[in-house]
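Atom set for the values below is all heavy atoms of this structure, side chains included, hydrogens, waters and symmetry mates excluded. It should be emphasised that the depicted structure is a prediction, and the values quoted were computed from it without experimental measurement.
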Amino acid sequence: MPKVKVNGVELEVPAGFTVLQACELAGVEIPRFCYHERLSIAGNCRMCLVEVKPGPPKPQASCALPIADKQEIFTTTPMVEKARKGVMEFLLINHPLDCPICDQGGECDLQDQAMGYGFDRSRFHENKRAVPDKELGPLVKTSMNRCIHCTRCIRFATEVAGVEELGATGRGEDMEVTTYVEHALTTELAGNLVDLCPVGALTSKPYAFEARSWELTKTESVDVLDALGANIRVDTRGAQVMRVLPRLNDDVNEEWISDKTRHAIDGLRHQRLDRPYVRRGGKLAEATWDEAFAAIAAKLATIDGARVAAIAGDQCDAESMVALKDLMTALGSPNVDCRQDGARLEGGPRGSYIFNPGIRGIDQADAILLVGTNPRTESPVLNARIRKRYLHGRCAIGSVGPVADLTYPVERLGAGPASLRDLLDGKTGFLEKLKAAKNPLIIVGMGALAREDGAAVLAMARELVDRLGAVRADWNGFAVLHTAAARVGGLDLGLVPGEGGRDVAGILAGCEKREIDVVYLLAADEIDTKRLGKAFVIYQGHHGDIGAHRADVILPGAAYTEKPGTYVNTEGRVQLAFRAGYPPGDAREDWAILRALSERLGKTLPYDTLGQVRARLVAVNKSFAALDQQEAGAWGGFGDPGNLSDAPFVSPIANFYMTCPISRASKTMAECIASRAQLMAAE
């Protein structure tokens, strides 16, 4: 490795590092605006100037200068300090200096670096330039007078998001960052532009003038609006969630989050359930907790456990699901299911239902097959990771399933199970690419599994993995991409029908035939409630959504930002979310509601504290003891070869912006849908 000196301190750095990276390795801070670790190098801003010997007698841009053996780097010489002050003076020539009204105030790189490296006066007195603001859609607000031409936004849109819709026109003072054709951005990752912008040129439109950063309480949490489990920070003021920002986790979401994760949070303020309700005379009426529990106890007192069923929703925490499972077991009911969409995944070997190679494993794959999935809408951040793999290694990618623009080239192999069978039989040339790959990756989505022949499709995917030798000691190329944040946790806890029990389809059919008398919906809103017939429905959740409208008793629960919870993402990684605020009114944490109800029913659950519930999680499945760890699951037999349908695979996400009670209550998500509809109409 090359040896260099940074301010007189010698160190070894990896070959291929830049001078800026070497300085960071030495613990020396280098100011920068255009440089970003996950974007290509532009060398625009010149703020990162350093003095290098041997070399020309002038400052050099450290972000674009490769390291060389026996190099000496100086970051605090008079030449460097003078150059940085000059660069900052140039950057501020046209900057409007409207910090008091700028939403970036307090979090602005330009503010911080002007204080640390700038000059206390300017020699320029000419009028500042005026640049028209651009319309980028309902999520990103533009104030282009503040733009310093770092081009981070352009590089992100092109390289990470994969939508080449931003660019620069003009030169010098006339340069403008704009859209090639004026319209809203068509990426599900647009909100990340705001995080990347080092000044206030791009800010969050829904958050505009709402709060200042120093007013907010910051809480680490986990996103539950899809199954990726993106690490997030929830910023609150009082009881209100003001914004959601990404946290750095290279293994999961790097530093990106989807627009739904970031902006659907205004749905937490609307249509909330804040007190119990009991249906009286055909209408829901407000009630006390005691009255709600009494109504449930009176109904269950005369009903056999086999005629009781429970369905867990897509955003439930593991604590509430284990409490639900324990309560149903105490009542003698085997009719429990966490698969609202009817996915043909059983609680068998863990390797049959998780993303075995891990999200980071995508970086090692050299051939990828997508089966029944559109990752761009099902998990936009994971889709960006696949694009990153394609850009870095020109990885071969094939798809059996819905046709969609995934932001990277995809070889279309067909639409349904018949095409997957043709691939297995060697009738498709892509099989040879999979065989030639050292680390082939098969990603199976819910579009392939949440259907009548899902078990047969799963068996075919297993057969393909075995034929490719894609499961080894050092690699497991079988990956299931879930769409529900609670799904893997529910399967880990065994929330599938017991012996003689019914799944979701069986529960609904039983309600229609009056073979099921009581249904407990734990935040389950993605089922056809019309099929519940005359059954007595208990709904526990946080929004007045589909399930609550059909309920006979409503028990108000807490949303994911309002309770500490354990969630397991699609790769089987157990993560903790912390409470950022408290639920409204009389609403309570979900496991606590179930514990209190069990006592009223005379089936008291054996835990009284959150710690005891989490000990119960570990007792049920030891994987809950390994926090923030990912490894391939146990491998064994799964799938059920059988008849295959001719119907093509269809992505389960018909509308990315509205997939759950929170996003359906969000005004911002509704504006995104309207913006997309307007754009499609214009085309």
Side-chain angles (χ1 to χ4, degrees), residues 219-234 244 247 249 251-253 261 310 312-328 336 338-340 347 350 353-355 358-359 482-496 522-524 540-542 557-583 587-595 598 605-631 633 660 662:
T219 307
E220 294 184 351
S221 190
V222 177
D223 173 48
V224 301
L225 299 189
D226 62 27
L228 183 72
N231 287 210
I232 59 174
R233 192 187 84 193
V234 181
V244 165
R247 283 191 294 127
N249 188 327
D251 292 334
V252 182
N253 58 303
T261 298
D314 291 346
Q315 296 178 346
C316 296
D317 55 283
E319 290 85 353
S320 64
M321 288 192 289
V322 76
L324 179 68
K325 177 71 184 298
D326 289 346
L327 179 59
M328 290 299 113
V336 180
C338 65
R339 303 161 300 179
Q340 285 191 93
R350 199 168 193 246
Y353 58 81
I354 68 171
F355 204 100
I359 307 303
H482 290 277
T483 56
R487 185 63 50 79
V488 174
L491 294 172
D492 282 346
L493 294 170
L495 264 78
V496 292
L522 181 60
Q540 179 179 328
H542 43 78
Y560 72 105
T561 59
E562 299 160 355
K563 59 185 176 184
T566 303
Y567 298 92
V568 189
N569 75 348
T570 191
E571 60 178 352
R573 183 185 300 269
V574 179
Q575 301 185 107
L576 295 182
F578 297 93
R579 179 190 288 116
Y582 287 88
R588 298 291 182 267
E589 291 179 31
D590 292 294
W591 76 265
I593 294 173
L594 287 157
R595 167 62 178 79
S598 70
L605 298 178
Y607 28 78
D608 300 312
T609 65
L610 181 62
Q612 291 173 343
V613 180
R614 288 180 171 166
R616 172 63 179 156
L617 291 176
V618 177
V620 174
N621 193 319
K622 293 182 180 178
S623 65
F624 284 94
L627 293 178
D628 200 28
Q629 297 179 30
Q630 192 281 328
E631 59 183 19
C660 65
I662 296 174

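Taking 4.5 Å as the limit, some side-chain heavy atom of Cys338 sits within range of a side-chain heavy atom of Leu491. By the 4.5 Å heavy-atom criterion applied to side chains, Leu493 and Lys325 are not counted as neighbours. The shortest distance between side-chain heavy atoms of Pro583 and Arg588 does not fall below 4.5 Å. Considering only heavy atoms from C-beta on, Met321 stays 4.5 Å or farther from Leu324 through its side chain. Residues Asp628 and Gln575 have side chains in contact (heavy-atom distance under 4.5 Å, counting atoms from C-beta outward). Val488 is listed as a side-chain neighbour of Tyr353, based on a closest heavy-atom distance under 4.5 Å.
To the nearest 0.5 Å, atoms CG (Leu228) and CZ (Phe355) are separated by 9.5 Å. Atom CG in Leu225 sits 5.5 Å away from atom CD in Gln315 (nearest 0.5 Å). In this structure, CH2 on Trp591 lies 14.5 Å from CG on Leu522, to the nearest 0.5 angstrom. Glu319 CD to Arg616 CZ: the interatomic distance, rounded to the nearest 0.5 Å, is 13.0 Å. Atoms CZ and CD1, from Arg573 and Ile359 in turn, are 8.5 Å apart once rounded to the nearest 0.5 Å. The OG atom of Ser320 sits 16.0 Å away from the CZ atom of Arg595 when rounded to the nearest 0.5 Å.
Under the side-chain contact (heavy atoms from CB on, under 4.5 Å) criterion, Ala577 pairs with Ser221, Val222, Tyr567, not counting sequence neighbours. Glu631 meets the salt bridge (Lys or Arg N to Asp or Glu O under 4.0 Å) test with no other residue; sequence neighbours excluded. The side-chain contact (heavy atoms from CB on, under 4.5 Å) search around Asn621 returns Asp492, Ser623, Phe624, not counting sequence neighbours.
Side-chain atoms of Arg350 come within 3.5 Å of backbone atoms of Gly572 as a donor-acceptor pair (strictly under, hydrogens ignored).
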Quiz prompt | Residues Val568, Val574; criterion side-chain contact (heavy atoms from CB on, under 4.5 Å); working and verdict | solution = CA-CA 4 Å; Val568 189; Val574 179; 4.1 Å; yes

Quiz item: Does the pair Val613 and Glu589 meet the rule for a side-chain contact (heavy atoms from CB on, under 4.5 Å), with working shown?
Solution: CA-CA 12 Å; Val613 180; Glu589 291 179 31; over 6 Å; no

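Around the OH atom of Tyr582, the shell of radius 6.0 Å holds no more than 12 heavy atoms that belong to other residues, nucleotides or ligands. Within a 6.0 Å sphere centred on CD of Gln612, heavy atoms belonging to other residues, nucleotides or ligands number more than 12.
Neither side chain, Asn569 nor Gln630, offers a donor N or O lying under 3.5 Å from an acceptor on the other.
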